[in-house]
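Please read the structure below before turning to the comments.
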Amino acid sequence: MASQSDPQASAISAAELEFLAEDEMIEIVPNMRMEPLNLICGDFGPFRPQIAIQVPLWLAVALKKRGKCTIRPPEWMSVEKLTQVLEAERDSEGFQSLPFHYVEISRILFDHAREDIPDVYMVRSLIEDIKDVRFHKIGTGLEIISKERTSALRLKNLSAMEANVVRPFVTTALQTFYKLSSPELIQESNGVPSRQRRPINAPTRVTKPR
């Protein structure tokens with residue numbers, strides 16, 4: 001098991017990110033009648049045919065697999081919205097605001113509710129293009145911090161997947177820059193704590209035997 005000081009310990013797998021994303025709320029349209037579900041994470045329902053309701057993504061997928069509902073894709077997954085986001089990403093240096101788990105949510109819906117997504121192939125293509133543009137920006141930013149010493153970095157609107165990818169490198173780089181700007185830390189990292197160092201010619205105290 002990696003230690004907490006190990007930057008690699010902060011990275012988690014794609015499967016774990018998807019697991020976290022499954023708690024995001026999404027709208028479904030049931031085709032059955034069912035009383036509310038009283039779960040540890042909350043109460044959901046009642047379910048009535050053709051009446052939209054919000055449920056966690058994991059529950060939506062479970063009902064979808066059993067043919068009990070259709071899933072309404074989030075508003076941001078429309079071709080119109082994604083086209084606007086892609087154009088804005090290309091025209092600006094910053095990152096556009098997207099759901100924190102937009103990559104994981106879209107992947108789950110592509111796997112389990114493809115037929116519920118209008119223009120699914122165009123939607124998938126736009127999301128891939130957005131990811132490529134954003135990763136290009138991230139790469140450019142990492143090149144900058146690798147050439148300039150800094151002790152802090154602010155990346156606004158990164159998604160869970162993007163932050164997870166860059167975190168190990170950024171953490172290591174910032175730790176290195178901080179040590180290079182702090183002589184005391186360099187001495188301590190070499191095994192000589194600064195508080196225990198003593199001048200070579202410093203007088204020593206001799207105690208008399210009792």
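Position 1 is the first residue of the sequence, and the numbers go up from there. Note that the coordinates shown come from a computational prediction; the quantities given were computed from them, not determined experimentally.
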Provide the closest heavy-atom pair for Pro118 versus Val123 in the form atom of the first, atom of the second, distance. O-CG2, 3.6 Å
Taking side-chain contact (heavy atoms from CB on, under 4.5 Å) as the test, write out the residues that go with Glu162, two or more places apart. Tyr102, Arg134, Phe135, Ile138, Leu158, Ser159
Is there a side-chain contact between Leu109 and Ile26 in this structure, where contact means two heavy atoms from C-beta onward sitting under 4.5 Å apart? yes
NE2 of His112 to CZ of Arg107, rounded to nearest 0.5 Å, is 11.0 Å
Which pairs of donor and acceptor atoms, one on a side chain in residues 94-101, lie under 3.5 Å apart (sequence neighbours left out)?
| residue | atom | partner | partner atom | Å |
| --- | --- | --- | --- | --- |
| Gln96 | NE2 | Ser92 | OG | 3.1 |
| His101 | ND1 | Glu104 | OE1 | 3.3 |

Heavy atoms, side chains only, cut-off 4.5 Å: are Ile130 and Leu82 in contact? yes
Is the count of non-hydrogen atoms from other residues, nucleotides or ligands lying under 6.0 Å from Met25 atom CE greater than 12? yes
When the side chains of residues 72-81 are checked against the rest of the protein, which donor-acceptor pairs come out under 3.5 Å, sequence neighbours left out?
| residue | atom | partner | partner atom | Å |
| --- | --- | --- | --- | --- |
| Arg72 | NH1 | Glu27 | OE1 | 2.8 |
| Ser78 | OG | Glu75 | O | 3.3 |
| Ser78 | OG | Lys81 | N | 3.2 |

Using side-chain hydrogen bond (donor to acceptor under 3.5 Å, both in side chains) as the criterion, list what pairs up with Asp91, not counting sequence neighbours. none
List the residues meeting salt bridge (charged side-chain N to carboxylate O under 4.0 Å, His left out) with Glu128, not counting sequence neighbours, and say none if there are none. Lys131
Do you know the tightest heavy-atom contact between Lys68 and Asn31? O-OD1, 2.7 Å
Which residues pass the side-chain hydrogen bond (donor to acceptor under 3.5 Å, both in side chains) test with Asn38, not counting sequence neighbours? Asp43
What residues form a side-chain contact (heavy atoms from CB on, under 4.5 Å) with Glu93, not counting sequence neighbours? none
Give the table of side-chain donor-acceptor pairs shorter than 3.5 Å for residues 47-67, with sequence neighbours excluded, one pair per line with atom names and distance.
| residue | atom | partner | partner atom | Å |
| --- | --- | --- | --- | --- |
| Arg48 | NH1 | Met34 | O | 3.3 |
| Lys64 | NZ | Glu115 | OE2 | 2.9 |
| Lys64 | NZ | Asp116 | OD1 | 3.3 |
| Lys64 | NZ | Asp116 | OD2 | 2.9 |
| Arg66 | NH1 | Ala62 | O | 3.0 |

Looking at Glu87 and Gln84, would you say the former's side chain and the latter's main chain have a donor-acceptor pair under 3.5 Å? no
Listed once per pair and sorted, the salt bridge (Lys or Arg N to Asp or Glu O under 4.0 Å) pairs that draw on residues 52-61, sequence neighbours left out: none
I'd like to check the side-chain contact (heavy atoms from CB on, under 4.5 Å) partners of Ser125; sequence neighbours left out, ordered by chain and number. Asp129
Applying the 4.5 Å side-chain criterion to the ILVMFWY set and letting contacts propagate, would Phe44 and Val29 be lumped into a single cluster? no
Please report the closest heavy-atom contact between Pro36 and Pro46, naming both atoms and the distance. CG-N, 3.7 Å
